[in-house]
Structures are given as structure tokens and as C-alpha cells.
Amino acid sequence: MLVQAYNLMAHAFLLFLLFSYIISTNIHACKQTERSSLLSFASTLSSPPLDWTFIDCCRWKGVTCDPDGWVTHLLLPSRGLKGGISPSLLGNLTHLTHLNLSHNSLYGSLETQFFLSLNRLEILDLSYNRLSGKLPLSLPSSNIRTVDLSSNNFFGAIPSSFFQQASKLTSFNVSNNTFTGYVPSSICLHSSPSLRLLDFSSNVFSGNLAPGLGKCFKLQVFRVSHNNLSGLLPEDIYNATKLEEIALPLNSLHGAISDKIVNLTNLAILDLYSNHFSGELPLNLGKLSKLKFVTFDFNNLEGALPPSLMNCTNLVELHLGSNNLEGDISMLDFSKLSQLTKLDLRNNNFTGTVPVSLYSCQSLKAIALSKNHLEGQIQAEILSLKSLSFLSISFNQFTNLTRAMKILMSCKSLHTLILSSAFEGEGMPFDDDMVDFDGFQNLRFLNLASSNLTGQIPVWLSKLKNIEILQLGDNQITGPIPSWLGTLPRLFYIDLSNNQISGEFPKQLCRLPRLIYEAEDQYEFELPVFGGINAERQLFRKLSYFPAVIDLYNNNMSGHIPTEIGELQLLCELDLHSNNFSGVIPDQISNLKNLEILNLFMNHFSGTIPSSLASLNFLKGFNVSYNNLEGPIPTGTQLQSFNASAFEGNPKLCGAPLLNKCRPNKDMDADSKNNKDEGNGHHQLPWFYIFAVLGFIVGFWGVCGSLVINKTWRYAYFRFIDNLQDRL
Ligand SMILES: *[C@@H]1O[C@H](CO)[C@@H](O)[C@H](O)[C@H]1NC(C)=O
Ligand SMILES: *[C@@H]1O[C@H](CO)[C@@H](O)[C@H](O)[C@H]1NC(C)=O
Ligand SMILES: *[C@@H]1O[C@H](CO)[C@@H](O)[C@H](O)[C@H]1NC(C)=O
Ligand SMILES: *[C@@H]1O[C@H](CO)[C@@H](O)[C@H](O)[C@H]1NC(C)=O
Ligand SMILES: *[C@@H]1O[C@H](CO)[C@@H](O)[C@H](O)[C@H]1NC(C)=O
Ligand SMILES: *[C@@H]1O[C@H](CO)[C@@H](O)[C@H](O)[C@H]1NC(C)=O
Ligand SMILES: *[C@@H]1O[C@H](CO)[C@@H](O)[C@H](O)[C@H]1NC(C)=O
Ligand SMILES: *[C@@H]1O[C@H](CO)[C@@H](O)[C@H](O)[C@H]1NC(C)=O
Ligand SMILES: *[C@@H]1O[C@H](CO)[C@@H](O)[C@H](O)[C@H]1NC(C)=O
Ligand SMILES: *[C@@H]1O[C@H](CO)[C@@H](O)[C@H](O)[C@H]1NC(C)=O
Ligand SMILES: *[C@@H]1O[C@H](CO)[C@@H](O)[C@H](O)[C@H]1NC(C)=O
Ligand SMILES: *[C@@H]1O[C@H](CO)[C@@H](O)[C@H](O)[C@H]1NC(C)=O
């Protein structure tokens, strides 16, 4: 009995083992063909091994099978894969539903064959690779729901048949490629009524947006940022009432924003900056109560702000800068905008005073009102804005700068304060009124330029331990440059030009740490700020994009340039023109390897031009005209690539590019070393010249602005600047 029972149990156990073996092979063991397809795929990659070692390929990392052993999922995002993808390999995985190879370095194209047999595919993510070529004629399967081909190098038009089968498509992202032709806006009409997300940004799509989007009843996100669209917004876009985001910045769209926009009650993001939109803002815009981000800057909008806008209680950012908007903003009641963090009304025609209701927007971090016709005084209520970090009110007609400064210095979070040309002809706020000063603890950027301010450089500035950029140019400032300026630990941009400053160049300025040692600075402005070298003014988003500058031109300064100047290796611009400086140009200037601009004209400098200046490879602006310089212009150097006008007005200066030839004998006696250099230089001229030009090219994109910018960003940026220059 016992033995029989034992036998039975043993058999049952064996049966169980056999059964579970069969089950497990059925569930896991992948088909031989699938395994070989996967292995061939892996073998074409020159990347870290995929660790596909199990016999059963369904257990491989990134691979999932169905119960029949067909591979359904191949998910290998961010695995460092390198190599070409080939349709003949992946095309054999005919049961694939999910393919995610995003964030790798795969190249090759999606020939029509690629999709041919992937007719069960639901999710396709090939974003962030190096795929190129044109799109195949059609998406592979009627089951496809998500397609992400963004951030590759695809080009050409999207074929009209592309979406034919894609009746279940909900998400389509081709941003950041080089697609051309029309945006397929009839996509919902003919094939894919379920679309929720469409992103065509950062391509070269052009022409009108054709009607059709009105049939995208489920569309939530529509982006065609940074393309070449023109024409009007199609009227029927206002029928896509599920829309939460419309982003069409950096195009050439025109026409008015229709009143019908109030139908889009779900809209939270409306981004139309840098287009040619005109007309008045829809009166009922405020009915869009979910609006959070409204970005209309750099258009041609006109008229007053609709009061209803102040009912958009969810507004987080309101950007209306650089339009032709007008009206008295003191009439607006901002008090309901408790979420508002950024308000940009710059460069319009607004009038009136700053509405006190604005000071009740507790979340405000940035207020920009520059270039309007605002007046009145800054009110103490501004101190209730505990997070206020950016304030720009330049180019207006405010009064009582001293009062404004005494209030603002208690603004603990303030990083950026731009007050230029806003308090015309007042006195520089000064010390007696600012005893026990401990304000502006976080101030990094102070602009008090262009206001005809009188008085001296005030001592309270010496307490600004975080100041990095100090702009006091274009005023009537008198007196000397105080030596404590050189003790400010983060200062790297000093503009005191166009004043009546007297006295000498303080030696202490040559100790400014930020002009000597590289430092990390990630500070990002809440709103972009104008800056840059001389005429090349640009909008900067980061403080570190500003070059290192000492601008003292157009003053009444005298004495020598201290030899310690050679310490300031990070300086990009030294502009001392139109002063009374004298003495020699110190040899040590040649240590300033990052120098791009050196202007010393209209002073009383004497002696020769140091030949060591030839080592300043990045120099693109140089002018020593109208001094008392003498002797030969160092030959065989980049200096000779500048026009004669950079040297004229120095009667005793000779040699190219001046017509005034040097007299060899006299020079030999005066400075034999110089002459020897010159002799060599004549033979080496072409090489020196080539190196100089190379240096210039390298330097041009280099060091100074530390603008290491990628292809697309640069393109976007320049388009932005181009647009801007058209409009300012
Ligand atoms: C894919 O299938 C084709 C025919 O169906 C076959 O010729 C080819 O060898 C297969 N490729 C791989 C890698 O298995
Ligand atoms: C692909 O994988 C990445 C990384 O896991 C993920 O972020 C992304 O959402 C996936 N793509 C899709 C379409 O699911
Ligand atoms: C589309 O893809 C890009 C990355 O290439 C991403 O930044 C963007 O957010 C995506 N668009 C949408 C609407 O998700
Ligand atoms: C655009 O694509 C390139 C190349 O894939 C990538 O390096 C870059 O980060 C992408 N840009 C954005 C904004 O996603
Ligand atoms: C942009 O579109 C205009 C016509 O609308 C066309 O003339 C121009 O060539 C396009 N630019 C690019 C870069 O495709
Ligand atoms: C928008 O929808 C309305 C009502 O559904 C319809 O009458 C109108 O023709 C549509 N407009 C467009 C431009 O398609
Ligand atoms: C849009 O709103 C108007 C009235 O403001 C209305 O007549 C029209 O039917 C609405 N369209 C849709 C599609 O809701
Ligand atoms: C703002 O909303 C309030 C209450 O919802 C309403 O009474 C008022 O008319 C609205 N104001 C404007 C200008 O639309
Ligand atoms: C401001 O308004 C004046 C006339 O009132 C006009 O001449 C000027 O062009 C406007 N400026 C802007 C930037 O709209
Ligand atoms: C400036 O404001 C102060 C109060 O802070 C006041 O005493 C002074 O008279 C004002 N000056 C002018 C010119 O309005
Ligand atoms: C500054 O004052 C001078 C004379 O005092 C005047 O000519 C000039 O227009 C003023 N500058 C500005 C920007 O008002
Ligand atoms: C310039 O400075 C000198 C002293 O260095 C002084 O005598 C002269 O008055 C100043 N000129 C002006 C216009 O401030």
C-alpha cells in the first residue's frame, strides 16, 4: 500500500515536472527565427554587448515575448547602441508591438521596407538617434498609436499617404529634424481622428497651416515651434476644443488672434512669440480661465490689454514684450493673479504708473516694464513681493531714484535690477541716506546707466558682495574710481563709460578675482537681458554669457595703465579711449589672451606699440589712433589686419597699414630689437597671417561669451535675433 502510494506520488511528481517544463518552454522559449533575427540585429551593432546569453531569447534584457514565443517588445532605450538599423533584420520580428530604441546612436534610414512586415506595431520610439533619409510612404500598421521620430536627421516632406492606415494614432512627434513641405494638418480629417499630441517643432515646414485641425476633436498638444510657417491661423483650429497647448513661436504667421479662441476653454499654454500677429487681443481672452502661459512677445499686437485678462487666475507667465500695445496699466487690477511669476511688458507704449495691485501678486519673480512711458515712483509695497528676483523698468520716466533704491535694497531676493534711463537727471543715490546699509545682499546685476545721474560712485556699492555686472555708463558721474571696486569678489563687468570720471586707473582693479580665475556661474536670468560687446548687442539668458569687460572710455582719466593689468587674463574688452591717459602701452597687455577689443585711441600714449601684442589671437577690435605713439607698427602680426584708421593721428608711427614708411637706419638705432623682429617678420608674414586668421576664427566662437551653443539652438537664436532686429 505504502509502496503503491509512494509510486503514485513519484509519478505525479514526474508528471508535474514534465508539465511545468512544457508550460515553461511554451511561455518562454523563443522561436528560433526570432532568436536569430535578434542576434543578427545585435551583431550589426558596434556597441557595448547586450548580454544576450540565455538560450531562451525571451529572457533577454529588453525582450518580451508572447506565450507563443513571438517577440512582442524590444525596448533598448539609452543602451549606448551604435550602428545601422536595417529593415531586413528588424522586419523579421513580425509580432513586434513595442519598439523603443530611443537615445542611442543608430543611423540608417527607414526605407519603406522597414515597416513592411511590422504590421502589429503599436509603439515606435526612435527619438534621439542619428537616423536620416526620407520617411517611408506609410506607417506600418493600423494598430500604431505612438510614433516618436524626434531629434534625428530625417528630411524631406511627410508623404501624403503616410498616415493612411494610422487610424488609431494618438501621438506623433517629429520635432528637431529637417523636414520640409507642409504640415499635414488634415491628418485628423482623413485618417487619425484620435490624435492627442502633434509635435512638428524645429523643422523647416513652410507655407500655410491648411484647415483640418478642427476635426482633431481630441487634440491636446499642437506644436509647430520654430519653422517657416506663414499665412493666417486656420479658423477651424478654434474648433479643436480639447486643445491645452498651442505652440507656434518663431514662425512668420500673421493676422489677428480671433475672438473664437474663447472656444478653447481647456487652453493652458498659448505660445505665439516671434511671429507677425497683429490686431488687438481678443476682448474675452480672460474667459480662458485655465490659461497658465501666455507668450506673445515679438509680434505687432496693438491696443490695450483686455481687462478680462485679469480674470485668468491661473496665469503663471504673461509675456507681451515688443509689441505695439498701449493704454494706462494703472487701471488694471492684477490682484487676482496670485500664481503669476513672470510679467514681461517691455518695449510697448504703455502709460500710467505701476499699479499697486501688481504688488499683491505674491508669486512674482520677474517684472519687466522697460521701454514704455511709465511714470511715478516705486512704492514700498513692492517689498511684499518676497520672491522678486528680476526687476527691469529702464527707459521710462520714473522719479526719485534715491527713494526707489532705499526701498529696493530691502528686496532680499533681488538678483537683477535694471534702472537705466528711467530716472533722468537725478543724483546718484548716496551714502548719507544709506547708513547702516546691508541691503541688496543677492544683487548680481545692477544697471544704472544712461540717466544723466550726477554725483560720485557711491560707497554703498562696496557692500554688494555678489555684484557681477555693474553698469553706470552714460551719466554725469564725477570724481575718481574708488579702489574698493577691485575688492568686489564676483565683479567681472564694469561699465563706467561716458561720464566725467577723473583720476587714475586704480591698480586694485587688476586684482578682480573674476578677471583672473575661471569660475562657474550657472545663474540664469528670469527673463532674457540685453548685453554684449559694443555694437553686437544680444539677448542673453545666462549671466555667464556676458563677456568680461572694463569700459572706461569717454571720461577725464589720466595717468598710466598699471603694468599689473597683465593679471587680468580673462578680460575680453578693455576700452579706455577718449581720456587723458599717458605713458607707454604696457607690454603686459599681451598676457590678456582672451582680449577681443582693445581701444586706446584719443589719449596721450607714447612710445612704441609692443610687438608682443601680436600674441593676442582673439583680437577683433583694435584702435590706438590719435596718441603720441612712435616707431614701426609690429610687422608680420595680426595688428596689420586692422585698417590704417586704427593707427592714424600718431605722426611718428610708421609702417603698414600706414602709408608712412619707416626709415630703416633711424629705427635700427632707436630700437634694434624691434627691427630684428621686423626683419624676420617679413619672411614669415604669410604664416603669421594664417595663424592670426585661424586664431580669430577660433576665438570668434570661443572663449569670451562662452557661448558653446549647439546647431539648432544657434539657429533658433539667430532667427530670434534677426526677428528682433527687424522689430526693435
Ligand atoms: C528574414 O527573413 C527573410 C525571409 O523571410 C530571410 O531571408 C532572412 O534571412 C531573415 N533574416 C534574418 C536575420 O533572420
Ligand atoms: C522609450 O523609453 C524611454 C526611456 O525609458 C522612455 O522615456 C520613453 O517614454 C519610451 N518611449 C515610449 C514611446 O514609451
Ligand atoms: C517631442 O520630442 C522632443 C524631444 O525630441 C521633446 O522635447 C518634446 O517634448 C516632445 N513633444 C511632446 C509634445 O511631447
Ligand atoms: C536635437 O537633436 C539633436 C541630435 O539628435 C540632439 O543632440 C539635441 O539635443 C536635440 N535638441 C533638443 C532640443 O531636443
Ligand atoms: C520659408 O518660406 C518662404 C515662403 O513662405 C520661402 O520663400 C523660403 O525659402 C522658406 N525658407 C526656408 C529656409 O525654407
Ligand atoms: C466649427 O464647428 C462648428 C460647430 O461644430 C461648425 O459649424 C463650423 O463649421 C466649424 N468650423 C470650421 C471652420 O470647421
Ligand atoms: C464657438 O463659440 C461660438 C460662440 O462664441 C459658438 O457659436 C460656436 O458654436 C462655438 N464652436 C464650437 C465648436 O464650440
Ligand atoms: C471677471 O470675473 C468676474 C467674476 O467671474 C466677472 O463678474 C467680471 O465681469 C469679469 N471681468 C471681466 C472684465 O471679464
Ligand atoms: C507709441 O505711440 C506713438 C504715438 O502715440 C507712436 O508714434 C509710436 O510708434 C508707438 N511706439 C510703439 C513702440 O508702438
Ligand atoms: C523722494 O522721496 C523721499 C521720501 O523717500 C522724499 O523725502 C523726497 O522729497 C522725494 N524727492 C522727490 C524729488 O520727490
Ligand atoms: C543729459 O544731459 C545733457 C545735458 O545736460 C543733455 O544734452 C542730454 O540730452 C541728456 N541726456 C539724456 C539721455 O537725457
Ligand atoms: C579733468 O581732470 C582734470 C584734472 O585731472 C581737471 O583739471 C579738469 O577740470 C577735468 N575736466 C573735466 C571736464 O572734468
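All figures in this text were calculated on a predicted structure; none of them were measured in a lab.
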Does the side-chain contact (heavy atoms from CB on, under 4.5 Å) test come out yes or no for Leu301 and Phe296, once each step is laid out? CA-CA 8 Å; Leu301 299 171; Phe296 291 164; 3.7 Å; yes
Will you find, in the side chains of Asp474 and Asn498, an N or O donor that is under 3.5 Å from an N or O acceptor? yes
Roughly how far, to the nearest 0.5 Å, is CZ of Phe423 from CD1 of Ile378? 5.5 Å
Does Asn442 reach the main-chain N or O of Ser413 with its side chain, forming a donor-acceptor pair under 3.5 Å? no
Please confirm whether the backbone N or O of Ala656 pairs with a side-chain atom of Gln640, one donor and one acceptor, at under 3.5 Å? yes
Is the Phe601-Tyr553 ring centre distance short of 6.0 angstrom? no
Over 12 foreign heavy atoms within 6.0 Å of NZ, Lys652: no
Might you work through the side-chain contact (heavy atoms from CB on, under 4.5 Å) test for Phe395 and Asn347, ending with a clear yes or no? CA-CA 9 Å; Phe395 295 92; Asn347 205 15; over 6 Å; no
Any idea which heavy atoms bring Pro482 and Ile457 closest together, and the distance? CD-CD1, 3.8 Å
Report yes or no: do Ser202 and Asn176 form a side-chain donor-acceptor pair below 3.5 Å? no
Side-chain heavy-atom pair Leu600, Phe581 within 4.5 angstrom cut-off: no
If you compare all heavy atoms of Leu619 against all heavy atoms of Ile597, which two are closest, and at what distance to 0.1 Å? CD1-N, 4.1 Å
For residues Ser389 and His415, is any side-chain donor paired with an opposing acceptor at under 3.5 Å? yes
Any Asn396 side-chain heavy atom under 4.5 Å of Phe350 side chain: no
Is it true that a side-chain atom of Asn227 and a backbone atom of Val204 form a donor plus acceptor pair closer than 3.5 Å? yes
Side chains of Leu570 and Arg514: closer than 4.5 Å at any heavy-atom pair? no
Are Ile589 and Leu616 side-chain neighbours, meaning at least one heavy-atom pair lies under 4.5 Å? yes
Considering all heavy atoms, the nearest Cys510-Glu567 contact: O-CB, 3.6 Å
Please round to the nearest 0.5 Å and tell me the distance separating atom NZ of Lys542 and atom CD of Gln522. 4.5 Å
Test your reading of the model: is there a side-chain donor-acceptor pair from Ser641 to the backbone of Leu639, 3.5 Å cut-off? no
Minimal heavy-atom distance between Gln471 and Ile469, with the atoms involved, is CG-CG2, 3.9 Å
Gap between atom CG of Leu613 and atom CD1 of Ile633 - 0.5 Å precision: 12.0 Å
Is a side-chain N or O of Asn660 found less than 3.5 angstrom from the main chain of Leu653, in a donor-acceptor match? yes
Using every non-hydrogen atom in the two residues, find where Asn555 and Gln500 come nearest and quote the distance to one decimal. OD1-N, 3.3 Å
For the residue pair Ser450 / Ser420, report whether a side-chain donor-acceptor contact shorter than 3.5 Å exists. no
For the side chain of Asn554 and the backbone of Ser497, is there at least one donor-acceptor N/O pair under 3.5 Å apart? no
Under 4.0 Å between a side-chain nitrogen and a carboxylate oxygen: does that hold for Glu526 and Lys342? no
From CD1 (Ile481) to CD (Gln456), nearest 0.5 Å: 12.0 Å
Nearest heavy-atom approach of Ala646 to Phe622 is CB-O, 3.3 Å
Do side-chain atoms of Asn594 reach the backbone of Cys572 as a donor and acceptor pair under 3.5 angstrom? no
So, does Asn599 use its side chain to make a donor-acceptor pair with the main chain of Gly621 at under 3.5 Å? no
Within 6.0 angstrom of Lys465 NZ, more than 12 heavy atoms from elsewhere: yes
Give a yes or no on whether the backbone of Gln441 and the side-chain of Asn466 come within a donor-acceptor separation of less than 3.5 Å. yes
So Val354 and Phe398, do their side chains get closer than 4.5 Å, heavy atoms only? yes
Taking the six-membered ring for Trp, is the centroid-to-centroid distance between Tyr523 and Phe445 below 6.0 Å? no
Spacing of Ile367 atom CD1 and Leu527 atom CG [to the nearest 0.5 Å]: 10.5 Å
Met602 and Ser625, any side-chain heavy atoms less than 4.5 Å apart: no
Regarding Asn556 and Asn580, do their side chains bring together a donor and an acceptor under 3.5 Å, going by distance alone? yes
Suppose we call two aromatic rings close when their centres sit under 6.0 Å apart. Are Phe546 and Phe540 close by that rule? yes
In the structure I gave you, are the side-chain heavy atoms of Asn349 and His373 within less than 4.5 Å of one another anywhere? yes
Donor-acceptor pair, distance only, cut-off 3.5 Å: does the side chain of Asn275 make one with the backbone of Ser252? yes
Is any side-chain N of the basic residue among Glu524 and Arg541 closer than 4.0 Å to the acidic one's carboxylate O? no
Using a 6.0 Å cut-off, check whether atom NZ of Lys365 has over 12 heavy atoms from anything other than its own residue. no
Nearest-0.5 Å distance, CH2 of residue Trp484 to NZ of residue Lys463: 10.5 Å
Please assess Leu568 against Ile550 for the test side-chain contact (heavy atoms from CB on, under 4.5 Å), listing each intermediate value before the final yes or no. CA-CA 10 Å; Leu568 304 181; Ile550 296 182; 3.9 Å; yes
With the side chain counted from C-beta on, respond yes when Leu250 and Phe298 share a heavy-atom pair under 4.5 Å apart, and no when they do not. no
Mind running side-chain contact (heavy atoms from CB on, under 4.5 Å) on Phe440 and Met405 for me, showing each step along the way? CA-CA 9 Å; Phe440 289 135; Met405 292 304 270; 3.8 Å; yes
